[in-house]
Amino acid sequence: MKLQGIVSKLLLLFLLNGTSLWAALTLFSLENYGPMALLLITTALIDYIYLSKRTRASRWLLPGTILLIIFQIYPVLYTAVTAFTNYSTGHSITREEAIEGLIEQNTNLVEDGAQFEFKVIESGDRRALITTNLKDGTFALAEPDGFSALDSAEIPEGWQLIDEDRLREADYQSWLTKLRIPFSESTILKVESFNTAAEYQYLLRYDAGLNKMIDIATGEALVEKEGAFYYLDGTEMEPGWRIWVGFGNFTDVVTNDRVRGPFFRVLIWTFAYALLSVLTTFILGLLLATTLNSPRIRGQRVLRSLLIIPYAIPGFLSILIWAGLLNDDFGMVNRALGTSIPWLFDAEWAKVSTILVNLWLGFPYMFLVTTGALQSIPAELSEAAEVDGATPRQAFAKIKLPLLLVTVAPLLIGSFAYNFNNFGGIYLLTGGGPAMNDSDVAGATDILISYTYKLAFASGKGAQYGLATAVSIIIFFIVASVSAISFRRTRALENIN
Amino acid sequence: MLKKTRIAVIGALATFSLVFAALMPMTAHAASTIVLWAGTEKESTYKAWADDYSKRTGVTVKVVGKAKLQDDFKTVGDADAPDIVIEAHDNIAKFRADNKIEAVTLTNLKEFDANVISALSLGTKLYGVPLATENIALFTNTKMVPKAPKTWAELEKIALDLAKKNKSNKNFVPFAVQQGTGGDAYHMFPFLTGLGGYVFGGTPGKWNKYDIGLDNKKFLNNLSLVDKWYSSGLIKASVNGDIAKAAFTSGNAPFYVTGPWFLDDIRKSGVSYRISAIPQIIKGYSPVPYSGVQAALLTTYAAKHNVALETKAALQDLASASSQLILSGVALKAPANLKAQKSFSDKDIAAFGIAGKGSIPMPAIAENGIMWGAVGSAWVKATSGQSKAAAAFKAAAASMRDQIE
């Protein structure tokens with residue numbers, strides 16, 4: 001190996017090692033030991049593969065494999081795992097975090113309670129506050145386990161004052177923030193700023209032995225169900241936490257009326273949308289391709305180039321422009337036609353609009369591939385058909401089309417799968433609307449993928465990641481099985497040759 | 001020989017790696033820096049305050065503009081998370097449900113209007129520092145409408161007469177209020193209140209989610225007016241945000257319902273305008289808009305970053321009159337601090353304040369999320385000819401009840 005090569009390889013490796021060492025140290029300080037170990041092992045593996053002579057073949061595979069794991073396998077696994085949880089707004093954290101959060105959110109200021117000013121003092125490992133009770137003017141030395149009265153606010157012997165600049169250090173700030181000093185039997189002192197504190201009261205207490213949340217005032221043990229605590233009267237305490245729900249999200253799709261109704265309506269429309277999109281674009285593309293394939297047409301090249309323009313403009317731009325053109329009262333389409341068709345406001349017309357706009361966006365692709373396919377069909381075949389006395393129509397239907405389908409069919413399946421998940425085509429044009437009565441989430445033109453997106457991010461009640469990931473897994477199985485079946489069918493076509 | 005070289009190579013690699021790692025900063029979230037997230041369009045406003053604050057106190061506040069603040073805040077990891085988030089008050093319930101924000105205490109609570117405080121309260125606790133208030137109002141093109149209409153009926157007549165005169169002008173909009181296909185329950189709210197409807201019963205901070213007023217009898221009766229507005233062409237769902245704004249700023253609309261966020265654009269357009277409340281439509285009901293309170297929220301991450309107390313100090317500073325004047329000066333919004341309000345002089349913002357009298361804070365309850373979709377699409381159906389207004393609102397009420405249970 002040349003010296004240059006070795007040096008640049010070493011340079012790259014040392015950059016990589018340095019970065020991952022730094023990242024590992026950061027992870028260590030955040031107590032994320034699992035990811036840290038994974039990172040170090042991966043780095044060591046990379047070093048080994050690029051330094052050893054025995055692993056030449058792996059060098060080529062490694063970058064691709066790592067990218068595959070990060071960008072494909074990890075998201076897929078994450079989605080699959082999330083689908084079996086109740087991850088959603090109000091259920092986004094762990095049980096421990098939720099318990100801590102609940103106690104903290106329900107620690108309330110005591111009305112007319114004591115207010116304190118304080119100084120922080122230190123003696124060796126011991127830290128304490130000298131508090132001035134603003135209500136009765138008394139002084140006290142407040143240590144984490146309790147108060148002891150003082151005569152004045154002067155610093156007792158052996159203690160040292162910590163000034164405010166030092167209090168800003170992370171160590172002191174975190175100590176002060178977490179400090180809870182028992183004040184009376186049921187109340188505590190909680191720090192509010194660098195020099196003030198107030199009397200607070202816990203509403204809830206967690207009993208680790210019983211594994212239950214207890215209302216301190218009434219002694220009532222809260223009921224735990226579906227990842228949240230409930231009072232007996234049904235009041236839900238927020239935040240709740242993430243739990244495993246097994247196949248709950250999947251069975252919801254089939255059994256829960258509020259999910260099932262819109263789901264099947266959306267599913268049927270998704271199939272219709274994908275099929276119609278493929279059919280209309282294919283038919284128009286084929287028509288134009290056959291027409292332009294005829295030698296009698298002049299200016300073939302110019303016409304072909306012109307037809308590709310819609311394909312060359314970024315799709316989202318065209319869609320946004322179409323959304324404006326199709327406006328009821330101000331759009332060009334209605335003005336040019338002299339009509340007042342509710343293109344985007346009526347449920348059925350909106351469906352027509354999505355297909356039409358998709359036709360505009362999709363036909364150039366079909367035109368391109370069918371043109372290519374048509375030109376690859378030997379001219380002798382058509383000539384032979386002509387000699388045998390076939391009409392041009394017969395020649396097209398019996399000779400050209402079957403041959404065409406052999407090459408184009410896999411592309412049609414691909415186009416179906418693409419349109420099945422054509423998020424932009426729907427979301428940018430109609431936003432899934434107009435709204436329907438059976439659901440606040442799924443509109444009339446929503447396809448499964450836009451419905452999933454809305455479930456995850458845009459639904460009124462907040463995010464429903466669990467349900468959304470379950471639906472996206474269902475989408476995967478639908479697309480996968482449709483594609484598998486179709487590919488098997490197209491094999492039959494290949495026998496024509 | 002070969003073996004020695006290899007050892008040397010590996011040794012050099014290890015040394016350089018260690019040196020490189022040592023040179024990098026230890027944690028992503030440096031201590032003593034407060035991170036503040038605001039919408040991209042507000043970034044410069046809060047930077048102005050942050051610069052001033054760091055000059056006065058030496059504490060660095062890093063302002064990060066976020067185009068999709070809510071989505072990012074939902075999914076952010078601990079290390080990158082903000083300590084302060086700037087959002088409208090109606091998000092606090094949602095954020096608290098995920099334990100993302102904490103309550104705050106203010107020493108100058110008396111410098112704020114009670115309504116503003118209750119808008120930001122959940123139970124007895126205050127979840128955020130009120131910064132600025134905003135509401136929508138009626139802009140009138142004074143060249144087209146020299147004399148202000150006193151009643152809605154007068155306004156309607158003026159608008160429709162002008163529409164008749166401008167029949168050949170395809171871009172003319174007699175009454176510009178934005179909806180579009182997705183609907184806009186926020187901009188249409190004055191018409192809901194003006195016709196005797198309400199979304200939730202109760203009062204700010206104590207909303208009753210079981211009392212839905214979208215199909216109360218008086219409102220349903222008055223909704224026949226909306227059908228008339230649609231058929232006469234006065235109010236149409238096809239007018240979306242872009243069309244409404246373009247129509248008013250190009251002198252193609254006599255009336256325009258919008259908020260102070262477009263004030264700058266309207267001033268630049270050169271159209272002469274007047275800002276006022278929407279005139280009364282039906283006796284006994286005033287068409288009041290929603291009010292929104294921009295607030296600085298304390299996140300639970302501040303404690304995790306060990307900067308909770310510094311963040312609280314910064315929030316207390318944001319509550320002060322002087323800091324709110326800095327924000328209002330940059331962003332042209334009415335400061336929430338009453339002392340600041342007194343010394344903030346902008347006649348248009350003052351007019352917005354008067355027009356917003358009696359406005360209702362957007363309910364800060366999770367169920368309000370359902371309202372946007374349900375009420376927005378009811379207005380769209382009613383003003384795009386898809387359904388009679390009364391039927392659309394009956395359906396919206398039923399859908400909301402069904403989802404709230």
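Naming convention: chains lettered A, B, ... in sequence-line order (proteins, then strands); numbering from 1 in each chain.
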**Request:** Could you have a look at B:Ala378, B:Gly373, B:Ser384, B:Gly58 and say which one has the most heavy-atom pairs with chain A under 4.5 angstrom?
**Result:** B:Ser384

**Request:** With a 4.5 angstrom heavy-atom cut-off, could you sort out which part of A:Asn32 is near chain B: side chain, backbone, both or neither?
**Result:** neither

**Request:** Identify, with sequence neighbours excluded, every residue that meets salt bridge (charged side-chain N to carboxylate O under 4.0 Å, His left out) alongside A:Arg95.
**Result:** A:Glu224

**Request:** Sort A:Asn108 into side chain, backbone, both or neither according to what part of it lies under 4.5 angstrom from a heavy atom of chain B.
**Result:** both

**Prompt:** Where does B:Val173 contact chain A at under 4.5 Å (heavy atoms): side chain, backbone, both or neither?
**Reply:** side chain

**Asked** Quick check, are the ring centers of B:Phe95 and B:Phe73 under 6.0 angstrom apart?
**Response** yes

**Message:** For B:Asp98, which atoms come within 4.5 Å of any heavy atom of chain A: side chain, backbone, both, or neither?
**Reply:** both

**Asked** Under a 4.5 Å cut-off applied to non-hydrogen side-chain atoms, are B:Thr300 and B:Glu102 in contact?
**Response** yes

**Asked** Which of residues 177-184 of chain B get closer than 4.5 angstrom to chain A, counting heavy atoms alone?
**Response** B:Gly180, B:Thr181

**Message:** Whether A:Glu97 and A:Arg242 form a salt bridge (side-chain N of Lys/Arg under 4.0 Å from carboxylate O of Asp/Glu) is what I want to check.
**Reply:** no

**Request:** Could you check if a side-chain atom of B:Arg96 sits within less than 4.5 angstrom of a side-chain atom of B:Leu122, using non-hydrogen atoms only?
**Result:** yes

**Prompt:** Which answer fits A:Leu15, side chain, backbone, both or neither, if we ask what part of it has an atom under 4.5 Å from a heavy atom of chain B?
**Reply:** both

**Request:** Identify which one of A:Thr445, A:Thr354, A:Asp446 satisfies the side chain to side chain donor-acceptor pair (under 3.5 Å) criterion when paired with A:Thr430.
**Result:** A:Thr445

**Request:** Would you confirm whether B:Lys100, through its side chain, and B:Lys94, through its main-chain N or O, come within 3.5 Å as a donor-acceptor pair?
**Result:** no

**Message:** Keeping B:Glu310 on the side-chain end and B:Val307 on the backbone end, is there a donor-acceptor pair under 3.5 Å?
**Reply:** no

**Message:** Is A:Tyr172 in contact with chain B via its backbone, its side chain, both, or neither, using a 4.5 Å heavy-atom distance?
**Reply:** neither

**Request:** May I ask you to decide if the ring planes of B:Tyr186 and B:Trp372 are parallel, tilted or perpendicular, using 30° and 60° as cut-offs?
**Result:** tilted

**Message:** Taking side chain as everything from C-beta outward and backbone as N, CA, C, O, which of these in A:Ile93 sits under 4.5 Å from a heavy atom of chain B? Side chain, backbone, both or neither.
**Reply:** side chain

**Message:** Counting only non-hydrogen atoms closer than 4.5 Å, does A:Ser92 touch chain B with its backbone (N, CA, C, O), its side chain (CB onward), both, or neither?
**Reply:** both

**Ring geometry between A:Tyr465 and A:Tyr87 (parallel below 30°, tilted from 30 to 60°, perpendicular above 60°)** = tilted

**Asked** Any donor and acceptor pair, going by atom type alone, linking the side chain of A:Glu100 with main-chain N or O of A:Glu96 inside 3.5 Å?
**Response** no

**Prompt:** Taking the side chain as C-beta and beyond, is there a heavy-atom pair between A:Asp328 and A:Pro342 under 4.5 Å?
**Reply:** yes

**Message:** Taking 4.5 Å as the heavy-atom cut-off, does anything in residues 235-247 of chain B contact chain A, and if so which residues?
**Reply:** B:Lys236, B:Ala237, B:Ser238, B:Val239, B:Asn240, B:Ile243

**Request:** Determine the minimum heavy-atom distance between A:Phe116 and A:Glu199, stating which atoms define it.
**Result:** CE1-N, 4.2 Å

**Request:** Check ring-ring contact (aromatic ring centres under 6.0 Å, His included) between A:Phe28 and all other residues, then give those that pass, not counting sequence neighbours.
**Result:** A:Tyr33

**Request:** Measure distances from A:Phe345 to the heavy atoms of chain B and classify the residue's part below 4.5 Å as side chain, backbone, both or neither.
**Result:** both

**Complete:** Honestly, the part of A:Ser88 sitting under 4.5 Å from a heavy atom of chain B is backbone

**Request:** Among B:Ala93, B:Ala308, B:Ala396, B:Gly233, single out the residue with the greatest number of heavy-atom pairs under 4.5 Å to chain A.
**Result:** B:Ala308

**Request:** Look at the side chain of A:Thr177 and the backbone N and O of A:Gln173, then say whether any donor-acceptor pair between them is shorter than 3.5 Å.
**Result:** yes

